[in-house]
Undergrad: 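Provided herewith is a single structure, encoded as C-alpha cells, for subsequent inquiry.
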Amino acid sequence: MPSFYTSVLLLSAIAFSVAGQVLLKAAARDLAGLGRVDFLLAAARDVRVVSGLAAWVMWMICWLQVLRVMPLSKAYPLTSLTYVLITIAGVFMFGEHVRRLHIYGIILI
C-alpha cells in the first residue's frame, strides 16, 4: 500500500496527464484548419499548448517521484485511470462519441 504522499503524487500525475491532454486537444481542434507552418507557429504561441506542455512536465516530475518509492509493476497499472478520465473528458468537453466496445474496454480497465 503506497503512503499518503505517494498516493497524492500518483493522483497528481494522473490529473496532470489528463489536464495536459485536454488542453492540447482543445488547442489542436481550434488550430486544425491551419497549414503546417502556420499551425506550428500558432501552436507555439497558444496558451493551451504551452499549458499542456507544462502539465506534461509536472506529470513527469510527479511520476519520477512516484517511481523513486514505488515499484513500477504496482504504479504503472494505476495510471490506467487516465484512459477512463480522458475518455470522459472527450465526451463531455468535446462532444466525442464513444462506441459500445470502447465503453466495455473502459469497464475492464
Side-chain angles (χ1 to χ4, degrees):
M1 184 79 172
S3 72
F4 177 75
Y5 176 72
T6 304
S7 297
V8 168
L9 283 172
L10 185 56
L11 291 174
S12 296
I14 292 168
F16 282 123
S17 178
V18 172
Q21 292 302 320
V22 168
L23 287 163
L24 292 173
K25 171 63 178 179
R29 183 181 64 173
D30 290 346
L31 302 175
L34 301 175
R36 287 185 185 163
V37 174
D38 290 334
F39 174 82
L40 292 174
L41 293 173
R45 294 186 307 263
D46 193 292
V47 69
R48 295 166 299 180
V49 172
V50 174
S51 298
L53 294 175
W56 180 74
V57 169
M58 293 304 296
W59 163 81
M60 188 183 342
I61 291 168
C62 291
W63 184 241
L64 287 172
Q65 292 298 317
V66 168
L67 292 178
R68 287 180 58 217
V69 296
M70 191 174 181
L72 180 63
S73 61
K74 293 186 192 272
Y76 195 72
L78 296 174
T79 64
S80 296
L81 186 55
T82 58
Y83 299 122
V84 175
L85 296 174
I86 288 171
T87 301
I88 291 169
V91 169
F92 287 104
M93 297 179 77
F94 304 114
E96 296 178 357
H97 298 283
V98 180
R99 295 176 44 201
R100 188 175 304 161
L101 186 60
H102 195 147
I103 293 171
Y104 294 150
I106 290 172
I107 292 169
L108 286 175
I109 291 172

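In this text, all values refer to a predicted model and were calculated from it rather than measured experimentally. The figures here come from the full heavy-atom set of this structure, side chains too, leaving out hydrogens, waters and symmetry mates.
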Undergrad: Quick one: do Leu23 and Val57 end up in the same hydrophobic cluster if we chain Ile, Leu, Val, Met, Phe, Trp and Tyr together by side-chain heavy atoms under 4.5 Å apart?
TA: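 No, Leu23 does not connect to Val57 through the hydrophobic network.
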
Undergrad: If you count every heavy atom of other residues, nucleotides or ligands that lies below 6.0 Å from Leu108 atom CG, does the total exceed 12?
TA: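 Correct, the count exceeds 12.
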
Undergrad: When rounded to the nearest 0.5 angstrom, what is the spacing between CZ in Arg48 and CG in Leu31?
TA: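 CG of Leu31 is found 6.0 Å from CZ of Arg48.
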
Undergrad: Mind checking the CD-CZ spacing from Glu96 to Arg29? Nearest 0.5 Å is all I need.
TA: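 Between Glu96 CD and Arg29 CZ, I get 8.5 Å after rounding to 0.5 Å.
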
Undergrad: Going through the distances and angles, do Leu24 and Val49 end up as a side-chain contact (heavy atoms from CB on, under 4.5 Å)?
TA: CA-CA 5 Å; Leu24 292 173; Val49 172; 4.3 Å; yes

Undergrad: Which atom pair, heavy atoms only, marks the closest approach of Leu34 to Asp38?
TA: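 Looking at all heavy atoms of both residues, the closest pair is CD1-O, 3.8 Å.
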
Undergrad: Is any side-chain heavy atom of Met70 less than 4.5 Å from a side-chain heavy atom of Leu78?
TA: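 Yes, their side chains come closer than 4.5 Å.
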
Undergrad: Which distance, rounded to the nearest 0.5 Å, do you find between the CH2 of Trp63 and the CG of Leu10?
TA: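 Rounded to the nearest 0.5 Å, the CH2-CG separation comes out at 6.0 Å.
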
Undergrad: So which heavy atom on Gln21 is nearest to which on Ile86, and how close?
TA: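 That closest heavy-atom pairing would be CG-CD1, 3.6 Å.
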
Undergrad: If Ile, Leu, Val, Met, Phe, Trp and Tyr residues are connected whenever their side-chain heavy atoms lie under 4.5 Å apart, and connections chain through other members, are Val66 and Trp56 in the same group?
TA: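 Both belong to a single hydrophobic cluster.
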
Undergrad: Is there a chain of hydrophobic side chains (I, L, V, M, F, W, Y, each step under 4.5 Å between heavy atoms) that links Phe16 to Ile61?
TA: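 Per the 4.5 Å side-chain linkage, Phe16 and Ile61 are co-clustered.
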
Undergrad: Let's go through Ile14 and Trp59 carefully: what are the C-alpha distance in whole Å and the side-chain angles of both, what is the deciding distance for side-chain contact (heavy atoms from CB on, under 4.5 Å) to 0.1 Å, and is it a yes or a no?
TA: CA-CA 7 Å; Ile14 292 168; Trp59 163 81; over 6 Å; no

Undergrad: Can you tell me how far the OG atom of Ser51 sits from the CE atom of Met58, to the nearest 0.5 Å?
TA: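 Ser51 atom OG to Met58 atom CE measures 12.5 Å (nearest 0.5 Å).
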
Undergrad: For the hydrophobic clusters of this structure (ILVMFWY residues joined by side-chain heavy atoms under 4.5 Å, transitively), does one cluster hold both Phe4 and Val69?
TA: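 Different hydrophobic clusters.
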
Undergrad: Within this structure, what is the CZ-CG distance for the pair Arg36 and Leu41, rounded to the nearest 0.5 Å?
TA: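 One gets 14.0 Å once the value is rounded to the nearest 0.5 Å.
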
Undergrad: Does any donor atom in the side chain of Thr79 or Thr82 lie under 3.5 Å from an acceptor atom in the other side chain?
TA: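 Side-chain D/A pair, Thr79 to Thr82: absent.
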
Undergrad: Does any part of the side chain of Val22, heavy atoms only, come nearer than 4.5 Å to the side chain of Phe94, both counted from C-beta?
TA: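 Heavy-atom side-chain distance check passes, below 4.5 Å.
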
Undergrad: Nearest 0.5 Å, what's the CD-OG1 distance between Gln65 and Thr6?
TA: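 That separation rounds to 9.5 Å.
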
Undergrad: Walk me through whether Leu64 and Met60 qualify under side-chain contact (heavy atoms from CB on, under 4.5 Å).
TA: CA-CA 6 Å; Leu64 287 172; Met60 188 183 342; 4.1 Å; yes

Undergrad: Using atom types as modelled and distance alone, determine if a side-chain donor or acceptor of Ser12 lies under 3.5 Å from a backbone N or O of Val8.
TA: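 Yes; at least one donor-acceptor contact below 3.5 Å.
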
Undergrad: Check whether Tyr5 and Leu72 end up in the same hydrophobic cluster, where Ile, Leu, Val, Met, Phe, Trp and Tyr are linked by side-chain heavy atoms less than 4.5 Å apart.
TA: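 Linked within one cluster.
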
